[in-house]
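The structure appears right after this line, and notes come after that.
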Amino acid sequence: MAAIRKKLSETRVEPGQTFVIDAFKEEDAEGIAGLFYAIYGPDYPIRTFYHPERIIRENRQRTICSAVARTPAGDIVAHGALYLSSPFSQKLYEIGLGLTLPSYRETFATYKVFIYLAEEVVKGLQPEGIFGEAVCNHIATQKLSAAVGMSDMAVELGLMPASAYEKEQSAQGRVTCTMLFKSFATAPADVYVPQSYFQAAEFLLGDYLPTRTLRIAKDRPPKASKTELHRKFFPFAQTGRCNVTRVGADFKGKVGQMERLGAQHGVENMQFFINAAESWSGYAVDFLQDQGYFFGGLLPNWFHSDGILMQKHLGTNPLSEIHLYSKKAKRLLDIVLDDKARRARH
């Protein structure tokens, strides 16, 4: 890694060049690595972006689909990507990994890259949808997400630690994110939510209702059924995520097990993503409410079907100030905070 650091630190890009927005070419990989090093130094948590051969491999495998702003000299001055991340569905891509050299930020290069991703790169992937996690210590990414037609669907309260923003000194506590989605799936689908969140679901799914039918999740899981759960802990973010593809009769025991594992991994923020295609999804949500979890929002196409986000803070770190761009996000934050206060009283 030392040799790579030395090479990347010596990368220089002349300011004031023209550039084109284009899909990834393998000769771009070294320039992308240099760009990440120029912005983040050696500390970016996704190590792939310091290794050109890994960037090439993941773009070949389509786990990452990069787009760049490239100068005539071949320098990379901005980058963004569609990539596979937390969703259980492999047809829902996250849009992000956007960054621009400081000397090119007045050119709107990142904005142009994101438009290209959302309008051109998606054509080759044909995903069910795209989503993004926009930080709320500023509104720049939220505005960019809105510009590509994405809609706020969830608020992740205190998702990221303040330490992630030390270099830019833009946060004094854990940073909240809003999750924005754009769906391309047109097949009709039932969405089961408990009665307590039915009105919130109607509000959130307003743009999706032509293809969604909301139903009350009032059933219980079949006797002796087993929960299917896929967990991942993110040490950098101090966050644990559990994708519950199937809620079984043993779900209650699984929650305690995941919390104990989370504590061992230093988790401050625990999230459960519940499959809303099951008529007994409310069984899981009701129990999580009893354990102090509160509503985060709805996640279109998260499991191919939609998901319900429930979240809980296991630590005591304060929240950073929350800045929101859209009226929808502001109303959703009120819903989330009201539910958080309600669960804290139980």
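- One hydrophobic cluster holds both M153 and L324 under the rule that ILVMFWY side chains link at heavy-atom gaps under 4.5 Å.
- Residue E58 holds its CD atom at 11.5 Å from NE2 of H51, rounded to the nearest 0.5 Å.
- I335 and Y325 are not part of a single hydrophobic cluster, where members link through side-chain heavy atoms under 4.5 Å apart.
- With ring centers used as reference points, H265 lies 6.0 Å or more from F234.
- In this structure, CG on L288 lies 10.5 Å from CE on M270, to the nearest 0.5 angstrom.
- Within a 6.0 Å sphere centred on OH of Y83, heavy atoms belonging to other residues, nucleotides or ligands number more than 12.
- The side-chain heavy atoms of I130 and L82, taken from C-beta on, include a pair separated by under 4.5 Å.
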Open item on the list: With side-chain contact (heavy atoms from CB on, under 4.5 Å) as the criterion, how do T18 and T71 come out once you've worked through the C-alpha distance, each side chain's angles and the decisive distance to 0.1 Å?
Closed with: CA-CA 6 Å; T18 60; T71 72; over 6 Å; no
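- Across all non-hydrogen atoms, the minimal contact from K112 to T107 is NZ-O, 3.3 Å.
- Inspection of the S196 and Q289 side chains reveals an N or O donor paired with an N or O acceptor under 3.5 Å.
- The closest side-chain donor-acceptor pair between Q17 and D75 falls under 3.5 angstrom.
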TODO: Report the C-alpha separation of Q271 and E156 in whole Å, then their side-chain angles, then the decisive distance to 0.1 Å, and conclude whether the side chain to side chain donor-acceptor pair (under 3.5 Å) test is met.
DONE: CA-CA 9 Å; Q271 299 175 322; E156 299 173 293; 3.0 Å; yes
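- Using a distance-only test at 3.5 Å, with no hydrogens or angles considered, no donor-acceptor pair links the side chain of S279 to the main chain of A217.
- When the side chains of ILVMFWY residues are joined at heavy-atom separations under 4.5 Å, either directly or via intervening members, V244 and F294 end up in a single hydrophobic cluster.
- Under a cut-off of 6.0 angstrom, the local environment of CD in E106 is sparse, with at most 12 non-hydrogen atoms contributed by other residues, nucleotides or ligands.
- The shortest distance between side-chain heavy atoms of P127 and V122 falls below 4.5 Å.
- A 4.5 Å side-chain heavy-atom check between N269 and K312 finds every atom pair outside the cut-off.
- Figure legend: R331 and F203 shown as a cation-pi pair, the cationic atom lying under 6.0 angstrom from the six-membered ring centre and within 45 degrees of its axis.
- The number of heavy-atom neighbours closer than 6.0 Å to CZ of F108, taken from other residues, nucleotides and ligands shown, is 12 or below.
- Between L117 and A67 the shortest heavy-atom distance is CD2-CB, 3.6 Å.
- No continuous path of ILVMFWY side-chain contacts below 4.5 Å connects I139 to L99, so the two sit in separate hydrophobic clusters.
- Here the side chains of V68 and F19 are not in contact, with every heavy-atom distance at 4.5 Å or above.
- The shortest non-hydrogen separation linking S66 to H79 is OG-NE2, 2.9 Å.
- Of all heavy-atom pairs between A284 and I274, the closest is CB-CD1, 4.1 Å.
- For R220, the CZ atom counts as loosely surrounded, since its 6.0 Å shell holds 12 or fewer non-hydrogen atoms of other residues, nucleotides or ligands.
- Side-chain contact annotation: S326 with Q142, donor-acceptor N/O pair under 3.5 Å absent.
- Judged by distance alone, with hydrogens and angles left aside, the side-chain atoms of D28 form no donor-acceptor pair with the main-chain N or O of F24 at under 3.5 Å.
- Considering I322, L159, L333, D152 in turn, D152 is the only one that fulfils the side-chain contact (heavy atoms from CB on, under 4.5 Å) rule with T178.
- Using a 4.5 Å cut-off on side-chain heavy atoms (C-beta onward), R246 and T227 make no contact.
- Of all heavy-atom pairs spanning Q311 and F295, the tightest one is NE2-O, 3.4 Å.
- At least one donor-acceptor pair closer than 3.5 Å links the side chain of K91 to the backbone N or O of Q126.
- A donor atom on one side chain and an acceptor atom on the other are not found under 3.5 Å apart for R105 and T100.
- You'll find the side chain of K218 stays beyond 4.5 Å of the side chain of Y283, heavy atoms only.
- Surrounding NZ of K182 are more than 12 heavy atoms belonging to other residues, nucleotides or ligands, all under 6.0 Å away.
- Judged by distance alone, with hydrogens and angles left aside, the side-chain atoms of E278 form a donor-acceptor pair with the main-chain N or O of V247 at under 3.5 Å.
- Side-chain atoms of S89 and N301 form no donor-acceptor pair, as typed in the model, at a separation below 3.5 Å.
- Ring pair F49/F36 is parallel by interplanar angle, where below 30° counts as parallel and above 60° as perpendicular.
- Aromatic ring pairs are classed by plane angle as parallel below 30°, tilted from 30° to 60° and perpendicular above 60°; the pair F273 and W302 is parallel.
- Atom NZ of K340 has 12 or fewer heavy atoms from other residues, nucleotides or ligands within 6.0 Å.
- Side-chain contact between F131 and L92 is present, with at least one heavy-atom pair separated by less than 4.5 Å.
- A distance of 11.5 Å separates CD1 in I95 from SG in C65, rounded to the nearest 0.5 Å.
- In terms of the side chain to side chain donor-acceptor pair (under 3.5 Å) criterion, residue partners of Y293 (sequence neighbours excluded) are, by chain and number, E259.
- Rounded to the nearest 0.5 angstrom, Y197 OH and I216 CD1 are separated by 13.0 Å.
- The 12-atom threshold is not exceeded at CD of Q199, counting heavy atoms of other residues, nucleotides or ligands nearer than 6.0 Å.
- The distance from the CD1 atom of I64 to the CZ atom of R54 is 11.0 Å, given to the nearest 0.5 Å.
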Task: Worked verdict on N275 versus T245 for side chain to side chain donor-acceptor pair (under 3.5 Å) - done: CA-CA 5 Å; N275 188 351; T245 56; over 6 Å; no
Open item on the list: Using the rule given for salt bridge (Lys or Arg N to Asp or Glu O under 4.0 Å), can you reason through R241 versus E133, listing the C-alpha separation, both sets of side-chain angles and the distance that settles it, and then say yes or no?
Closed with: CA-CA 14 Å; R241 284 182 165 170; E133 291 177 295; 2.4 Å; yes
- [ ] Show your reasoning for whether side chain to side chain donor-acceptor pair (under 3.5 Å) applies to R343 and Q291.
- [x] CA-CA 8 Å; R343 304 309 153 201; Q291 303 306 304; over 6 Å; no
TODO: Begin with the C-alpha distance, continue with both residues' side-chain angles, and end with the deciding distance and a verdict on side-chain contact (heavy atoms from CB on, under 4.5 Å) for L309 and L298.
DONE: CA-CA 6 Å; L309 169 60; L298 298 181; over 6 Å; no
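- For the pair I308 and L299, the minimum side-chain heavy-atom distance is 4.5 Å or more.
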TODO: Kindly determine whether S151 and K328 satisfy side-chain contact (heavy atoms from CB on, under 4.5 Å), including the steps that lead there.
DONE: CA-CA 8 Å; S151 177; K328 184 178 183 182; 2.8 Å; yes
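- In summary, the aromatic rings of Y192 and W280 are positioned with their centroids too far apart to meet the 6.0 Å limit.
- Summarising the geometry of A118 relative to V148, their closest heavy-atom pair is CB-CB, 3.7 Å, with the distance given to 0.1 Å.
- Taking the six-membered ring wherever Trp is involved, the centroid distance between the rings of H304 and F88 does not fall below 6.0 Å.
- A donor-acceptor contact shorter than 3.5 Å is absent between the side chain of S103 and the backbone of L101.
- If you take CD1 on I56 and CD on E30, they are separated by 9.5 Å, rounding to the nearest 0.5 Å.
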TODO: I would like to know whether T63 and Y93 meet side-chain contact (heavy atoms from CB on, under 4.5 Å); could you show each step before the answer?
DONE: CA-CA 9 Å; T63 53; Y93 277 78; over 6 Å; no
